[in-house]
Amino acid sequence: MNPATTPQRQRLLRPAPVRGLPADFRWGVATSSYQIEGAAAEDGRTPSIWDTFCRVPGAVEGGERGDVACDHYHRMSEDVELIAGLGVDTYRFSLAWPRIQPGGRGPVNTKGLDFYQRLVDELRGRGVTPWITLYHWDLPQELEDAGGWPERDTALRFAEYAALAHDALGDRVEHWTTLNEPWCSAMLGYAYGLHAPGRRDLGAALHAVHHLLLGHGLAAGALRDAAGGNPLELGITLNLGTATPETDSEADREACRRADGMGARLYLDPVVHGRYPEDVIADLAAQNIELPVRDGDAAAIATPIDVLGVNFYRGALFSGVTDDGSPIDAEGVPVVRMVDRDLPRTAMGWEINPTELTDLLLRLERDYGLPTVITENGAAFDDTVAPDGSVPDADRTAYLADHIAAVVAARAQGADVRGYFAWSLMDNFEWAYGYGKRFGIVRVDYDTQVRTLKDSAKWYRNTIGLTRAGTA
Ligand code: FCB
């Protein structure tokens with residue numbers, strides 16, 4: 001039987017149950033600079049911490065790196081056409097700081113800015129709204145050489161770069177996200193050594209947390225000033241999940257408090273409520289770690305934002321004891337242990353449980369009360385190309401459909417969710433995993449750079465079309 005006509009495939013090409021979404025619900029696709037652009041040494045771009053990290057033996061699967069990636073820098077017009085063809089109204093992408101301000105300080109690099117000016121113009125020309133992320137992890141290497149995010153000066157540099165970017169693009173771009181997932185920048189980059197710059201120092205990582213948040217706040221202020229009275233929708237994007245205790249035991253509930261504290265509240269509380277969570281600060285003090293907070297920082301970090309960007313990939317179950325029942329591990333640290341559940345998984349090994357997205361959105365509404373946009377959601381699967389050239393990625397389509405349904409359910413229960421952006425527009429450089437993990441709704445053949453719509457992309461287009469028409 002032709003795979004294109006199997007009943008299962010037909011069913012999966014049907015649009016998602018999006019009844020109830022307003023016609024102005026924002027639909028998008030997302031990418032980031034280092035993951036797609038390539039052209040690493042062109043037109044004045046200087047190395048970022050990812051260019052350096054990729055060259056560390058063993059840091060990235062297969063020694064892969066972003067020198068060429070999806071060659072988006074040279075194929076931008078073709079990619080904009082692709083984006084417009086999907087029927088999305090919004091494209092979320094990031095600016096490469098080392099392209100715009102090589103070395104992280106000093107004057108702008110006109111050629112680097114030109115690229116983003118053309119991108120913005122082409123998007124707008126095709127009726128697609130640009131949504132800019134200022135920092136999606138590609139810190140100029142020189143700033144890391146000067147100490148990186150654990151140093152306060154990096155926050156000041158970031159605010160300056162934000163103002164430069166807005167000066168150049170602010171007349172045409174209304175939607176600005178300061179940081180993408182500061183937890184990843186700080187913890188994966190400075191504590192666990194899994195992302196650039198590959199350091200393993202928990203104290204430095206917590207200093208990075210504070211300076212990332214300060215950088216966010218200062219940049220938010222700079223963007224507000226630069227915008228004057230012009231429209232500006234400003235936000236930060238956090239990676240958020242849910243933490244469920246394995247049992248009702250005090251130890252398991254304590255593990256969830258800690259996981260949620262370090263993963264979510266450490267970022268949300270200062271940004272939205274203007275103060276760090278006391279319990280997390282006390283946990284850190286017990287490890288002799290203190291955040292380098294100065295007078296005025298709390299107010300800067302809490303500079304009002306308009307929207308909270310939520311990147312959701314998974315929730316998790318936590319236990320507060322070791323396999324042999326101890327609440328303290330061999331190093332004397334309280335146990336926070338993720339417990340595997342019997343759930344389907346993506347190619348990343350991440351559990352699939354869409355109702356946790358509904359739970360998360362309701363919790364954010366209750367505790368923080370900001371409008372949200374899902375700035376990333378999606379899944380890697382081991383795609384196969386059918387003999388006719390199509391990519392029947394039923395698993396990804398199901399993942400997207402079920403998570404969009406989870407958003408619809410959250411809205412129906414009162415969560416103010418205003419948009420959904422699929423991660424990702426196309427297969428790309430998945431950080432320490434290299435090119436092996438494919439998150440795109442569009443397939444990229446890395447030998448030829450040919451882009452092919454996967455079934456999930458066609459399905460997404462249908463779903464968006466029906467929402468707009470109000471017939472979903
Ligand atoms: C997020 C990142 C994004 C991508 C997805 C899979 O943490 O923001 O760049 O790697 O995960």
Side-chain angles (χ1 to χ4, degrees), residues 28-38 48-51 53-54 59-61 64-66 69-70 72 91-97 131-139 177-192 194-196 209 212 216 235-242 262-264 267 308-316 345-352 357 360 372-383 393 395-396 399-400 403 420-444 454 456:
V29 283
T31 63
S32 88
S33 47
Y34 191 72
Q35 293 180 278
I36 65 164
E37 285 179 1
S48 75
I49 52 174
W50 271 94
D51 296 273
F53 187 66
C54 288
V60 175
E61 199 100 344
E64 288 171 334
R65 52 199 210 211
C70 305
H72 170 72
Y91 175 49
R92 172 183 181 243
F93 60 96
S94 76
L95 307 182
W97 187 350
W131 182 300
I132 286 181
T133 304
L134 280 163
Y135 185 72
H136 201 128
W137 306 354
D138 38 6
L139 185 71
T177 296
T178 54
L179 304 175
N180 179 69
E181 303 188 353
W183 179 90
C184 292
S185 298
M187 300 308 287
L188 298 179
Y190 291 94
Y192 307 142
L194 297 172
H195 277 189
V209 168
L212 281 155
H216 153 76
I236 185 170
T237 278
L238 302 177
N239 50 310
L240 298 168
T242 50
M262 282 294 284
Y267 303 86
L308 174 66
V310 178
N311 288 358
F312 179 84
Y313 290 94
R314 62 168 301 175
R345 285 166 190 272
T346 69
M348 300 294 282
W350 298 345
E351 294 176 351
I352 304 176
L357 175 55
L360 169 67
T372 55
V373 166
I374 307 295
T375 39
E376 285 179 30
N377 176 244
F381 288 106
D382 296 328
D383 298 326
D393 58 339
D395 32 22
R396 182 173 295 101
Y399 182 99
L400 297 176
H403 285 80
Y420 176 94
F421 305 163
W423 183 270
S424 180
L425 163 66
M426 57 187 162
D427 297 335
N428 58 49
F429 177 75
E430 179 47 33
W431 308 113
Y433 294 88
Y435 295 97
K437 298 288 181 248
R438 293 177 176 270
F439 275 89
I441 58 173
V442 173
R443 182 175 177 88
V444 175
K454 302 180 190 177
S456 56

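Both counts, for ligands and for their atoms, begin at 1 and track the order of listing. Keep in mind that what you see is a predicted model, and the values were worked out from it rather than measured. Just the heavy atoms: all of them, side chains too, but no hydrogens, waters or symmetry mates, feed the values below.
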Indicate the atoms forming the closest heavy-atom contact of Leu400 with Ser456, along with that distance.
CD1-CB, 4.2 Å
How close do Ile441 and Val29 get, heavy atom to heavy atom, and via which atoms?
CD1-CG1, 4.0 Å
Closest contact, heavy atoms only, Gly440 versus Lys454
O-NZ, 2.8 Å
Closest approach of Ser424 to Asn428 (non-hydrogen atoms, all atoms of both residues):
OG-ND2, 3.1 Å
How would you list, by chain and number, the residues with a heavy atom under 4.0 angstrom from ligand 1?
Gln35, His136, Trp137, Asn180, Glu181, Asn311, Tyr313, Glu376, Trp423, Glu430, Trp431, Phe439
How close do Arg396 and Arg438 get, counting heavy atoms only, and between which atoms?
NH2-O, 2.8 Å
Return the orientation label for the Trp50 and Phe429 ring planes: parallel under 30°, perpendicular over 60°, tilted otherwise.
perpendicular
